[in-house]
Amino acid sequence: MSNVVVIGAQWGDEGKGKVVDLLTDHADVVVRFQGGNNAGHTLVVDGQKTVLHLIPSGILHPGKVCVIGNGVVVDPEVLAREIAQLKARGLLQDDGQLVLSLDAHVIMPWHKAIDVAREQRMGDAKIGTTGRGIGPTYEDKVARRGLRIRDLLDEQRLARKVKERLATARDELSRLGASTDLDESAVVQQYSALGQTLAPYAKDASLWLHVAIKAGKSLLFEGAQGTLLDVDHGTYPFVTSSNTVAGNAATGAGVGPTAIDRVIGISKAYSTRVGGGPYPTELKEAVGEKLRQVGGEFGATTGRPRRTGWIDTLALRYAVRVNGLDGLAITKLDVLTGFPEIKIGVGYRSGQRTFEEMPSDLETLERCDAVYETVPGWTESLAGARRWSDLPKAARAYVERIAQLTGVKVIAVSVGADRGETIVLENPFQVPRAKLG
Ligand code: GDP
Ligand code: IMO
Ligand code: MG
């Protein structure tokens with residue numbers, strides 16, 4: 001048994017949900033450790049599509065337990081709806097299949113209102129958030145005035161906390177010129193009722209995971225967003241408000257870093273980004289539009305068209321570094337079929353300066369253009385490819401070049417949205433990292 005972290009190596013939407021669903025076969029427990037319902041993880045099994053925002057992507061596997069860790073910010077309304085939708089489909093019949101950390105912070109109505117009002121105020125300078133209240137909720141957590149799942153379970157405590165926080169939230173909303181029309185007792189009633197709905201799942205998740213680890217269970221940690229959206233390591237301030245990198249799997253789940261054996265990054269065979277911020281390999285003309293249409297690049301959470309571009313191996317090498325990646329899974333290789341030539345971002349240029357590593361300064365990065373290497377495309381459909389040898393030579397050469405440029409091996413190649421449309425080259429659960437000593 002081993003414990004594996006899966007994270008996005010780009011700007012999110014890399015296909016983490018698909019890969020986690022696939023790898024759940026080898027795990028006992030799947031854990032979300034950060035982010036909230038800004039995430040939209042799509043799973044397709046035998047043509048049936050499921051989009052998950054909060055519940056980990058292992059939930060389609062009966063008998064496997066899904067854990068929402070302390071590092072996640074939870075909109076209880078969204079979680080309750082997601083649970084009800086799964087139950088209506090005959091899934092999640094056993095409440096023991098979902099564990100919700102008592103310490104996870106709660107997204108309250110004012111967080112969503114503040115998020116949306118701030119973005120409106122910022123005009124062109126906006127971050128392009130999902131408007132789900134993610135940033136304001138993490139702010140309250142760090143400011144030590146947040147509400148946690150445990151607070152929803154005690155109505156008196158909830159009423160006290162809502163009263164305290166609503167007063168200052170109203171001030172902020174009125175400064176932003178937004179409606180302050182939030183009824184205190186209605187909020188208490190609604191969130192107390194949601195607390196009752198979620199009570200069967202609410203547990204000390206860190207302790208629960210500790211017991212699972214001691215019992216020899218295999219854990220799969222599911223990242224949300226992507227490395228370049230990390231609040232410390234991403235293209236700040238055009239980032240989300242949590243640490244999306246692998247190191248946060250431990251903190252956001254309440255386990256020690258020694259519990260982690262392997263770290264896998266997911267990357268599309270090209271790149272996408274939703275919202276504002278620098279993106280050196282972005283394609284603004286016909287090729288970008290073709291990638292968007294063929295790849296179906298519209299957000300799983302907001303429906304917004306995603307910005308599209310070629311793969312950026314500087315950004316991927318950076319992801320290898322800050323996550324300590326052991327391997328990469330390359331998704332959506334099928335989308336590149338039919339492009340006569342494919343470009344690979346191998347460097348950046350700004351005026352006379354060239355870069356071989358991702359610059360950490362945002363203004364420098366904003367001025368950079370990508371330097372490309374051009375490789376031949378292929379015309380064959382990849383839909384039926386299930387083995388490495390089924391791929392056309394040019395597609396294999398493309399994947400091999402990415403592995404070479406990033407310095408990590410490619411452990412899986414995805415050639416379609418369905419669970420089965422995958423070529424697995426190495427199972428990360430079967431290759432335990434050699435322990436020191
Ligand atoms: P996540 O947020 O990282 O889980 O990714 P999303 O679900 O937001 O976006 C990935 C999209 O690509 C979803 O619509 C998936 O169904 C789809 N997808 C995943 N892998 C593949 C693939 O290999 N080929 C194609 N064509 N689509 C894929
Ligand atoms: P998954 O898990 C892609 C982006 C938003 C915005 C920035 C901040 O599906 O890969 P936020 O609402 O988090 O404050 O927005 O982060 N963003 C995502 N982009 N995939 C996601 O999640 C994202 N979650 C947030 O578009 O640019
Ligand atoms: Mg997504």
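Just follow the structure's listing: the first ligand is 1, and inside any ligand the first atom is 1. What you are looking at is a predicted structure, and each value in this text was computed from that prediction instead of being measured.
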Exercise. What's the shortest distance from atom 8 (C) of ligand 2 to any protein heavy atom, and which residue and atom give it?
Worked result: Val239 O, 3.4 Å
Problem set entry | Passing candidate, side chain to side chain contact (heavy atoms under 4.5 Å, CB included) with Pro56, options Val65, Val67, Ile68 | Ile68
Exercise. Short N/O distance, under 3.5 Å, between Glu14 and ligand 1?
Worked result: yes
Exercise. So does Asp390 pair up with Arg387, basic N to acidic O under 4.0 Å?
Worked result: yes
Exercise. With a 4.0 Å cut-off on heavy atoms, does Lys16 reach ligand 2?
Worked result: yes
Exercise. Under a 4.0 Å N-O cut-off, is there an ion pair linking Arg32 with Glu82?
Worked result: no
For this session: Kindly assign one of parallel, tilted or perpendicular to the pair Trp11 and Tyr279, based on the angle between their ring planes and the thresholds 30° and 60°.
Result: tilted
Problem set entry | NZ/NE/NH1/NH2 to OD/OE distance under 4.0 Å, Arg145 and Asp140 | yes
Problem set entry | ligand 2 contacted by Gly40 (non-hydrogen, < 4.0 Å) | yes
For this session: Look at ligand 1 and say whether Gly12 reaches it with a heavy atom at a distance under 4.0 Å.
Result: no
Exercise. From Gly40, does some N, O or S atom reach closer than 2.8 Å to the Mg ion (ligand 3)?
Worked result: yes
For this session: Answer yes or no for Arg306: is there a heavy-atom contact with ligand 2 below 4.0 Å?
Result: no
For this session: Considering only NZ, NE, NH1 and NH2 on the basic side and carboxylate oxygens on the acidic side, decide whether Lys64 and Asp21 come within less than 4.0 Å.
Result: no
For this session: Please verify whether a non-hydrogen atom of Gly226 lies at under 4.0 Å from ligand 2.
Result: no
Seminar exercise, completed: shortest atom 25 (C) of ligand 2-to-protein heavy-atom contact is with Gln225 CG, 3.7 Å
Exercise. Applying a strict 4.0 Å limit to heavy atoms, is Gly296 in contact with ligand 1?
Worked result: no
Exercise. Does a side-chain N-to-carboxylate-O contact under 4.0 Å join Arg292 and Glu289?
Worked result: yes
Seminar exercise, completed: Looking only at protein heavy atoms, what sits closest to atom 18 (C) of ligand 2 is Leu229 CD1, 3.7 Å
Exercise. Any heavy atom of Arg306 sitting closer than 4.0 Å to ligand 1?
Worked result: yes
For this session: Check whether any N or O atom of Gly17, backbone or side chain, sits under 3.5 Å from an N or O atom of ligand 1, and answer yes or no.
Result: yes
Exercise. How far is atom 3 (C) of ligand 2 from its nearest protein heavy atom, and which residue and atom name does that atom have?
Worked result: Asp13 OD2, 3.2 Å
For this session: Using heavy-atom distances, let me know which of Lys332, Arg419, His41 sits nearest atom 27 (N) of ligand 1.
Result: Lys332
